[in-house]
Structures are given as C-alpha cells and as structure tokens.
Colleague: 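This structure is in structure tokens; I'll ask about it shortly.
Only this structure's heavy atoms are used, side chains among them; waters, hydrogens and symmetry mates stay out. Note that the coordinates shown come from a computational prediction; the quantities given were computed from them, not determined experimentally.
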Amino acid sequence: MNKIRHLAIIMDGNGRWARAKNKNRSYGHSKGLENLKNIIKKIVNLKIRYLTLYTFSFDNWKRSTVEIKYIFSLLDNYLNKNYLELKKKKISVKFIGEQNRLPLKIKKLINIYNNRNEKRPKLHINIAFNYSSKKELLNAFKCIKNKKLNINEKTVNKTLYTKLFPDPDLLIRTGGHKRLSDFLLWQISYTEIFFVKKLWPDFNSKDLSNILRNFKVIKRNYGK
Ligand code: IPE
Ligand code: IPE
Ligand code: MG
C-alpha cells in the first residue's frame, strides 16, 4: 500500500462553475475557497503532512484586472482572518512563486507567513502563488551559477522553492483538462497524476477519498 506524504492540487474550474450558474468568475473563486477550507479539514484528518496548492499562476496575469484583484483579496482576507486559527491548528503556511510584481500588501502577507515558524506542524501548506515552474527552474540554475556550484540533482533540489518538501506522491487536477500549466514540472517526475472532470467547487472529500483509495494500490516502479 502506498503512503501519501505530499499531495499537490491544481484547483481548476472555478470560472466554468460560476458561468454554469450565470454568475461572474469571482463568485466561482469565492466558492472555490469555501471548498478548499473543507478539503483542508479532510487532509488534516487524513494526516497528510504536505499539501501544495496551485492558487495563482504566473500566466494568470493574463486575466482581467477585476478577476486578479478579487483572487488577491480572497487570499489576503483568508490569511489575515485565520492567522491565529491556523497557528492553533498547527498548520504551517508558506508561499512559493515569484514575489516581484505582487502588490505590497500581498508581499507583506507572504513575508509574515514565510517567516513564521511553527513547532512540529501537523500540516505544511505550500501556496503556489504567482508561480511558474519554468521560472523556478531558471532561478535555481542562475543561483547555482552565481554560487559556482556543480549542476546536479541535489543542487537543483536545494535551490528550488520546494527545497523543504518531499516530491509530491499524488497530483490531482480538477476541471477536466489533462495538462500541467507550468506546475512543479521538476518535482513530479514520479508523481501519480489524477485528472478529475469535476470542477473545483464541486470536488468534495468523498472524491478525495476515492482517489486516495485508487492511489494506494498503484504499483510505483520508479523505473524498476
Ligand atoms: C482555477 O479556476 C483558479 C485559478 C486559476 C485562480 P479557473 O479560474 O481557471 O476556472 P476555469 O478553468 O476558467 O473554469
Ligand atoms: C492553472 O489553471 C492555474 C491554477 C489552477 C491556479 P489555469 O486555468 O490557469 O490553466 P490553463 O490556462 O487552463 O492551462
Ligand atoms: Mg482554468
């Protein structure tokens, strides 16, 4: 039986979910956040230690200012409101992604969380925000070059944003598309990937349990 230490999720489909209900895309994002709160509860109960969430991609800057501002405000409100609650629940929150171009308010929030150290967290949440896997890799290569280190797997792993996390065991993408959209390209070389048709606001803890049941019995070969 496979154990799961690290789950990564591409939470896709908020916009289509809202459109199907004749609402605007922002409404879909707020429902998406509500759903995320439930899924996090489930993940804590399941004792999964690491969770990486694709929340805003570098390419999502191509969206309307209204939508972008709304996504930023959702993040800002949630993390400001739940600062103490998350600490109480021993949930550590860290950010991965590019910091430049982000509003000052968001940068401050990221710094507060990135510098907060929980003692023995129950769950480590990694928020991929303004994240691009290609940019992450380029930054790592530049950093290795500047420090005049050898380029090998170890030095790359150590210079990625995800350096403190094991590679994901399982990646779930909701919303029906079978693509990675520039997410964790290096880290998922042996990750089990599940593409789910359901849109993110509809994805519930039963769906997660079903996937985990299937994941557990997969024979992971690693080339053997
Ligand atoms: C994912 O849902 C959330 C973000 C990208 C922030 P989408 O907003 O991409 O929803 P769809 O794919 O357009 O339905
Ligand atoms: C990926 O979804 C990013 C997030 C879920 C945050 P997108 O909706 O941006 O991906 P594409 O554009 O369909 O590939
Ligand atoms: Mg999408």
Side-chain angles (χ1 to χ4, degrees), residues 1-12 36 39-40 42-59 90-98 110 113-114 117-118 120-144 147 149-175 177-196 200 203 207-224:
M1 288 275 241
N2 297 317
K3 287 228 164 88
I4 175 157
R5 270 216 296 170
H6 184 176
L7 167 65
I9 311 180
I10 302 176
M11 304 177 291
D12 193 27
L36 176 61
I39 294 291
I40 289 176
K42 174 79 178 173
I43 286 168
V44 170
N45 287 339
L46 289 167
K47 299 195 167 66
I48 295 172
R49 287 294 300 281
Y50 297 93
L51 172 66
T52 299
L53 300 166
Y54 207 4
T55 319
F56 188 81
S57 77
F58 191 81
D59 287 324
K90 289 189 170 290
I91 297 178
S92 154
V93 175
K94 303 284 175 223
F95 285 81
I96 59 172
E98 308 299 305
I110 292 177
Y113 272 94
N114 279 355
N117 283 317
E118 321 294 338
R120 298 163 59 82
K122 278 192 181 148
L123 172 64
H124 297 260
I125 299 181
N126 222 1
I127 300 184
F129 195 77
N130 199 18
Y131 176 84
S132 151
S133 182
K134 284 193 174 174
K135 293 217 177 325
E136 178 186 35
L137 283 163
L138 289 174
N139 285 342
F141 300 151
K142 280 180 204 157
C143 174
I144 289 172
K147 288 185 181 163
L149 300 171
N150 290 324
I151 298 183
N152 55 43
E153 262 192 51
K154 215 172 168 183
T155 52
V156 173
N157 279 331
K158 275 190 178 164
T159 39
L160 292 174
Y161 295 132
T162 50
K163 58 178 176 276
L164 300 174
F165 278 40
D167 285 345
D169 301 289
L170 173 63
L171 167 67
I172 299 172
R173 180 178 187 138
T174 61
H177 296 308
K178 293 179 178 151
R179 58 181 177 240
L180 297 169
S181 308
D182 203 8
F183 189 50
L184 303 179
L185 302 178
W186 170 278
Q187 295 88 339
I188 58 169
S189 53
Y190 275 105
T191 300
E192 303 301 330
I193 304 180
F194 283 69
F195 295 105
V196 184
W200 173 251
F203 183 82
D207 299 319
L208 177 60
S209 299
N210 282 338
I211 291 176
L212 288 172
R213 201 172 318 116
N214 288 315
F215 161 81
K216 275 182 188 151
V217 295
I218 293 173
K219 191 167 176 289
R220 301 184 77 185
N221 288 335
Y222 301 98
K224 276 196 293 266

Colleague: Quick one: CG on Leu180 to OG on Ser133, what's the gap to the nearest 0.5 Å?
Modeller: 9.0 Å
Colleague: Side-chain donor-acceptor pair under 3.5 Å between Lys219 and Asn221, yes or no?
Modeller: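 Side chains of Lys219 and Asn221: pair found under 3.5 Å.
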Colleague: Between the side chains of Lys122 and Ser92, does any donor sit under 3.5 Å from an acceptor?
Modeller: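 Side chains of Lys122 and Ser92: no pair found under 3.5 Å.
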Colleague: Verify, without hydrogens or angle tests, whether Arg49 (side chain) and His124 (backbone) share a donor-acceptor contact under 3.5 angstrom.
Modeller: no
Colleague: Using the side chain to side chain contact (heavy atoms under 4.5 Å, CB included) definition, which of the options Leu7, Leu123, Leu212 pairs with Leu46?
Modeller: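 Filter result, single survivor: Leu212.
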Colleague: What distance do Asn114 atom CG and Phe95 atom CZ have between them, rounded to the nearest 0.5 Å?
Modeller: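 Those atoms lie 7.0 Å apart.
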Colleague: Taking the side chain as every heavy atom from C-beta outward, state whether Lys216 and Met1 have any atom pair closer than 4.5 Å.
Modeller: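 Touching, per the 4.5 Å side-chain cut-off.
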Colleague: For side-chain contact (heavy atoms from CB on, under 4.5 Å), just list the numbers for Ile9 and Thr52, CA-CA rounded to whole Å, side-chain angles, deciding distance to a tenth of an Å, and then say yes or no.
Modeller: CA-CA 6 Å; Ile9 311 180; Thr52 299; over 6 Å; no
Colleague: Report yes if the side chains of Asp167 and Tyr50 come closer than 4.5 Å at any heavy-atom pair, otherwise no.
Modeller: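 No, side chains not in contact.
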Colleague: Salt bridge or not between Lys3 and Asp169? Use side-chain N to carboxylate O under 4.0 Å.
Modeller: no
Colleague: Short question: side chain of Arg220, backbone of Tyr190 - any donor-acceptor pair under 3.5 Å?
Modeller: yes
Colleague: Heavy atoms, side chains only, cut-off 4.5 Å: are Arg173 and Val196 in contact?
Modeller: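 No, their side chains stay 4.5 Å or more apart.
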Colleague: Do Ile172 and Asp207 have side chains that approach each other closer than 4.5 Å (heavy atoms only, starting at C-beta)?
Modeller: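 SC-SC contact between Ile172 and Asp207 ruled out.
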Colleague: Sub-3.5 Å donor-acceptor pair from the side chain of Thr191 to the main-chain atoms of Leu170, do we have one?
Modeller: no
Colleague: Working to the nearest 0.5 angstrom, can you tell me the gap between Phe56 CZ and Asn130 CG?
Modeller: 6.5 Å
Colleague: If you measure from CG on Asn126 to CG on Leu51, what distance do you get to the nearest 0.5 Å?
Modeller: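 One finds 8.5 Å between CG of Asn126 and CG of Leu51.
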Colleague: If we only count heavy atoms from C-beta on, is the Val156 to Leu137 side-chain gap below 4.5 Å?
Modeller: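 Val156 vs Leu137: side chains touch.
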Colleague: Just checking, Lys94 and Tyr113: is the charged tip under 6.0 Å from the six-membered ring centre and within 45° of the axis?
Modeller: no
Colleague: Does the side chain of Glu98 come under 3.5 Å of the side chain of Tyr131 through a donor N or O and an acceptor N or O?
Modeller: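 Distance-only check fails for Glu98 and Tyr131.
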Colleague: Answer whether the closest heavy-atom distance between the side chains of Leu171 and Phe194 falls below 4.5 Å.
Modeller: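 Not touching, per the 4.5 Å side-chain cut-off.
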Colleague: Using only heavy-atom distances, determine whether the side chains of Tyr161 and Asn139 contain a donor-acceptor pair under 3.5 Å.
Modeller: yes
Colleague: How long is the gap from NZ on Lys135 to CG on Asp59, to the nearest 0.5 Å?
Modeller: 7.5 Å
Colleague: Assess the residue pair Lys42 and Ser209 against the criterion (side-chain hydrogen bond (donor to acceptor under 3.5 Å, both in side chains)); give the C-alpha distance rounded to whole Å, side-chain angles, the decisive distance to 0.1 Å, and a yes or no.
Modeller: CA-CA 9 Å; Lys42 174 79 178 173; Ser209 299; 3.2 Å; yes
Colleague: Any side-chain heavy-atom pair from Phe203 and Ile211 closer than 4.5 angstrom?
Modeller: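 Side-chain contact under 4.5 Å: yes.
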Colleague: Do Thr174 and Asp12 pair up side chain to side chain, a donor and an acceptor below 3.5 Å, judged on atom types alone?
Modeller: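 No, Asp12 and Thr174 have no side-chain donor paired with an acceptor closer than 3.5 Å.
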Colleague: Using every non-hydrogen atom in the two residues, find where Asn214 and Ile218 come nearest and quote the distance to one decimal.
Modeller: O-CG1, 3.4 Å
Colleague: If you look at every heavy atom in Arg179 and Phe195, which pair is closest and at what distance?
Modeller: N-CE2, 3.5 Å
Colleague: Nearest 0.5 angstrom please: Phe141 CZ to Ile151 CD1, how far?
Modeller: 7.0 Å
Colleague: Testing the basics here: between Glu136 and Thr162, what is the closest heavy-atom pair and its distance to 0.1 Å?
Modeller: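 Where Glu136 meets Thr162 most closely, the heavy atoms are OE2-N, 3.6 Å.
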Colleague: Of all heavy-atom pairs between Leu184 and Ile96, which one has the smallest distance, and what is that distance?
Modeller: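 Shortest heavy-atom contact: CD2-CD1, 4.4 Å.
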Colleague: Between Trp186 and Asn157, do the side chains contain a donor N or O and an acceptor N or O under 3.5 Å apart?
Modeller: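 Yes, side-chain donor-acceptor contact under 3.5 Å.
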Colleague: Yes or no on side-chain contact (heavy atoms from CB on, under 4.5 Å) for Leu36 and Thr55, after CA distance, side-chain angles and deciding distance?
Modeller: CA-CA 11 Å; Leu36 176 61; Thr55 319; over 6 Å; no
Colleague: Closest heavy-atom contact between Phe58 and Ser132?
Modeller: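 Here Phe58 and Ser132 meet closest at CB-CB, 3.6 Å.
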Colleague: Minimum heavy-atom separation for Ala128 and Phe183, please, with both atom names.
Modeller: CB-CE1, 3.9 Å
Colleague: Assess the pair Phe165 and His6: is the distance between their ring centroids shorter than 6.0 Å?
Modeller: yes
